[in-house]
Amino acid sequence: MAAKKVLLLCGDYMEDYEVMVPFQALQAYGVSVDAVCPGKKAGDVCRTAVHQGIGHQTPHSAGSLRHWTYSETRGHNFALNASFDEITANGYDGLVIPGGRAPEYLAMDEKVLDIVRKFSDAKKPIASVCHGQLILAAAGVVQKRTCTAYPAVKPVLVAAGAKWDEPDTMAKCTVDGNLITAATYDSHPEFISLFVKALGGSVAGSDKKILFLCGDYMEDYEVMVPFQSLQALGCHVDAVCPDKGAGEKCPTAIHDFEGDQTYSEKPGHDFTLTASFESVDASSYDALVIPGGRAPEYLALNDKVISLVKGFSDKGKPIASICHGQQILSAAGVLKGKKCTAYPAVKLNVVLGGGTWLEPDPIHRCFTDGNLVTGAAWPGHPEFVSQLMALLGIKVSF
């Protein structure tokens, strides 16, 4: 039985990262999470939105922060795992509210507002990000409470009686009693960490340094979910890509399962790298993570990439690879004698690379063999991150 149980309040066109990162990160830490949406039941889907600033109109400046408006494209389809009409606030230890466009209409739903008020009255932790604070304002739970949010939400929070805490960066988080508010998904590492702490959680063994091997059109979730999940634990996490430096971006791809013979692809977020591939000292890292998507096809042809992967393998350091990432492991010759899984279409690479194929049934299954953690696709992130944590000796306890 999970140590804690959390409710995730969803709606169509909530922000893609702002629902999936906390959903899967908390599960990886051993927390049970029920995702619900008014008018929908377990197994139904909410469509999500990819929101990111792309440098259009800037209404004003606040210090060094320029408040760009954001673009929107279609995200993944998010599957709910519980039914809204069957849940009660007293069955949960905390509440998470993603942002995006969903809060605009959820804030008009009296059943939603009633649930939020019950969490507030019971002084249970409430974590809300970006536009999610519109729901808090509508529920009347922010009076005289210090809050931050996406800057455009300021007028509503102020009108609702909140004390506005200006986000000097988009990674801003604010805590006032049981209320945790954040500006955007850039805040996730601190936002999730603060929520875990509010639930009574503590982290041990997180003094680890982890390297992510990135490339253009890696899968959107498969880089950001483990990246921010590990950051939220307190790990130092770097992301590098051949021929790119710190601060440069990799476009990502959204791969989803929508009833076709293979997965669909849509544009994802742009992912910001944190270090330069050419100057990175691989020996200083405790583990390597390889996201899937389309990037591994060409990264597997890069001799420097292959050398990097072999270096981690030769020293027996943990390597966690998901989906198409195993194309790189196969090319590096590090699968010989290893049992592993991958996206089913990558079975050929695994077998020809000398690995023993493990069928991913169901698709969220992940496996550990020695220093190697492998997963088939992003639905497996809770197992994927949890198994890497186990190899690294990182524990979350409540």
For V175, all residues meeting side-chain contact (heavy atoms from CB on, under 4.5 Å), sequence neighbours excluded:
I180, L194
Are [X] and [Y] close enough that their ring centres sit under 6.0 Å apart?
X    : Y    : answer
Y263 : Y343 : yes
F78  : F23  : yes
F271 : F227 : yes
Y285 : F312 : no
H255 : W378 : no
H269 : Y17  : yes

Listed partners of R47 passing salt bridge (charged side-chain N to carboxylate O under 4.0 Å, His left out), at least two apart
none
Return the OG to NZ distance between S283 and K209, rounded to the nearest 0.5 Å.
8.5 Å
Work out which heavy atom in [X] is nearest to a heavy atom in [Y]; give both atom names and the distance.
X    : Y    : value
K244 : P251 : NZ-CD, 4.2 Å
P226 : E222 : CG-O, 3.3 Å
T368 : Q387 : OG1-OE1, 2.6 Å
C214 : C250 : CB-SG, 4.4 Å
H131 : P103 : O-CB, 3.2 Å
L179 : C147 : CD2-SG, 3.8 Å

Taking atom types as modelled and ignoring hydrogens, do the side chains of [X] and [Y] form a donor-acceptor contact shorter than 3.5 angstrom?
X    : Y    : answer
N349 : Q326 : no
D165 : T174 : yes
K339 : T356 : no
T181 : Q133 : no
N90  : K124 : no
T274 : D238 : yes
H51  : E15  : no
D260 : T262 : no

Is any side-chain N of the basic residue among D114 and K118 closer than 4.0 Å to the acidic one's carboxylate O?
yes
Salt-bridge present (K5, D93; N to O < 4.0 Å):
no
Beyond-backbone contact of [X] with [Y], side-chain heavy atoms, under 4.5 angstrom:
X    : Y    : value
F384 : T374 : no
F367 : L372 : no
E86  : K41  : no
L213 : L308 : yes

With side chain to side chain donor-acceptor pair (under 3.5 Å) as the criterion, how do T148 and K172 come out once you've worked through the C-alpha distance, each side chain's angles and the decisive distance to 0.1 Å?
CA-CA 7 Å; T148 195; K172 174 77 173 180; over 6 Å; no
Take H76 and D16 through the test side chain to side chain donor-acceptor pair (under 3.5 Å) and record every step on the way to the result.
CA-CA 7 Å; H76 295 81; D16 200 22; 2.8 Å; yes
Who pairs with K395 by side chain to side chain donor-acceptor pair (under 3.5 Å), at least two apart in sequence or on another chain?
none
Reference residue K208; test side chain to side chain contact (heavy atoms under 4.5 Å, CB included); the match among L233, L230, I394:
I394
More than 12 heavy atoms of other groups within 6.0 Å of K304 NZ
no
